[in-house]
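Down below is the structure, laid out as structure tokens.
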Amino acid sequence: MKMKITAKYVVLVLCIVWLGACKIPAISSKQENKSTPAGYTNSQDTTNSVKLQWRQYFTDPYLIALIDTALLNNQELNITLQEIEMTKNEIMARKGEYMPFLNLKAGAGADRSGKYTWDGISEEDWKTRPDKGHKYIGDFMVGTYFTWELDVWKKLRNAKKSAVLKYLSTIEGKNFMVTNIIAEIASSYYELTALDNLLAIVQQNIELQTSALQVVKLEKDAAKVSQLAVNRFEAQLLNTKNLQFEIQQKIVETENRINFLAGRFPQPVARNAASFNNMILDPIFAGVPSQLLSYRPDIRQAELELAAAKLDVQVAKANFYPSFSLNAGVGLQGFNPVYLIKPESILYNLAGDMIAPLVNKNAIKATYFNANAKQIQAVYNYERSILNAHIEVVNQLSRMDNFTKSYETKAKEVDILTQSITISNNLFRSARADYIEVLLTQREALDSKIELIEIKLKQLDAKVNIYRALGGGWN
């Protein structure tokens, strides 16, 4: 009677200890904030230019051909595609973990026991038996065995769902990379056409300044000006000629940047530079900030990574609970291979296991705390992605507006200074203007034309960047 009572107490104590072992440490989590401002400006218009595919947004056929080549050959993009395949294989591995395992097993071995042991005596007795028909003594076996971990706490299924979410996040990462590649190629292409126009302007000015130098030399021969005037005009001509070499070097570097993005060795880049100044910028519709949550691939990637991190916490939490598994096997075993075909050699087993952590759970706790910390990191990364996207759109909208106004103002300045070149030359010939005025006018006109090209390039960059910032380009 006392032994029965003692046994009950022992069982009760073991249950209490086991329940205490399953206690999960407290953690502090963080909930993500998805709120965004109502609009970028006072407008609440939901029309969004990002709905246009990139082939409709960028209409230059040379640019489209470059983008198509890059999307096919870009090495970084192809590396990312292989990473996607690896995460896809991770799903396969996770899926297999919560399914039963069935394996085939076969084995053969020889056994020789010492003569003066119980096994040795039995072996000798067997060898001296008159009905002994076979000389092989060993261990031969063939069969299958079955193992299955019961996913009671959804640990394995959550791990598989987490792998799926990580796979989807890598796809969004690839989409974001496509967006950036298209934006980089478009920006470099516009920069290349801008450099072509800069080179053309410099060469035109070289011709104008060469003609002006000839006029000054004739004026010097007529004793109307000194050698100083000739030297000043010739120095300015040399300075302008020097500009073209820097521009030509930039053209080479920009072409090779495009070639690198396109995954090919250096070669000339086909382009239409003549349409640069006449390129019309279509109106940009930014919609409302909340649309960024759906359109920006990097935000969607961060959201999927956050969902995966939450599941990883559940997976780590399940390590505190007991795990259950089934094990079974069936096969044939005998000390002689001849007996493997006999029914008496059949063996089978069936067992169930329950394993629960009891003491020294530091590794499990560390995994759990790290999973929670990664979840909090994912929350901050998600919120940062939303904030960064919103600021990028605001900045690019401001750039579009300000550089449009700047281009209009600078274009008027260029027109006035271009007219001033002719006026200053006529006044100089009639001795009503000093040669310094001619030099300054030519220099100011050249600088203003270069600045006009640079402002136009900034406009086109803003066009590219606003499309990327809104989440377009990957579709």
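Source: prediction; values computed, not measured.
- Of the possible polar contacts, one joining the T409 side chain to the K405 backbone as a donor-acceptor pair under 3.5 Å is found.
- In this structure, T46 and Q291 have side chains that are in contact, with non-hydrogen atoms separated by less than 4.5 Å.
- Between the side chains of D312 and Q375, no donor-acceptor pair of N or O atoms lies under 3.5 Å.
- Counted by atom type alone, T69 and N73 present zero donor-acceptor pairs between their side chains at under 3.5 Å.
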Practice prompt. Verify side chain to side chain contact (heavy atoms under 4.5 Å, CB included) between E392 and N388, making sure each step is shown before the conclusion.
Written response: CA-CA 6 Å; E392 284 184 358; N388 178 64; 3.2 Å; yes
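- Cation-pi geometry between K463 and Y190 is not satisfied (NZ or CZ under 6.0 Å from the ring centre, within 45° of the ring normal).
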Discussion item. Checking T144 against N103 for the side chain to side chain contact (heavy atoms under 4.5 Å, CB included) test, could you report, in this order, the C-alpha distance in whole Å, the side-chain angles of both residues, the deciding distance, and whether it holds?
Written reply: CA-CA 6 Å; T144 60; N103 300 282; over 6 Å; no
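- There is no side-chain donor-acceptor pair under 3.5 Å between E184 and N180.
- Residues L199 and D196 form no side-chain contact, since every pair of their non-hydrogen atoms from C-beta on lies 4.5 Å or further apart.
- T179 and R468 share no donor-acceptor pair across their side chains, judged by distance under 3.5 Å alone.
- With contacts defined as side-chain heavy-atom distances shorter than 4.5 Å, the pair K155/D151 qualifies.
- Judged purely by distance below 3.5 Å, without hydrogens or angles, the side chains of N327 and N349 never pair a donor atom with an acceptor atom.
- Here the straight-line distance linking atom CG of L311 with atom NZ of K160 works out to 11.5 Å at 0.5 Å rounding.
- No side-chain heavy atom of Y145 sits less than 4.5 Å from a side-chain heavy atom of F101.
- Side chains of Y295 and N48: a donor-acceptor N/O pair is absent below 3.5 angstrom, by distance only.
- The line from OH of Y62 to OG of S275 is 9.5 Å long, rounded to the nearest 0.5 Å.
- Taking 4.5 Å as the limit, every side-chain heavy atom of I453 sits out of range of all side-chain heavy atoms of L457.
- No cation-pi contact links K361 to F320, judged by a cut-off of 6.0 Å to the six-membered ring centre and 45° from its axis.
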Worksheet item: Passes side chain to side chain contact (heavy atoms under 4.5 Å, CB included), L156 versus E149? Steps please.
Response: CA-CA 9 Å; L156 302 178; E149 181 178 350; 4.3 Å; yes
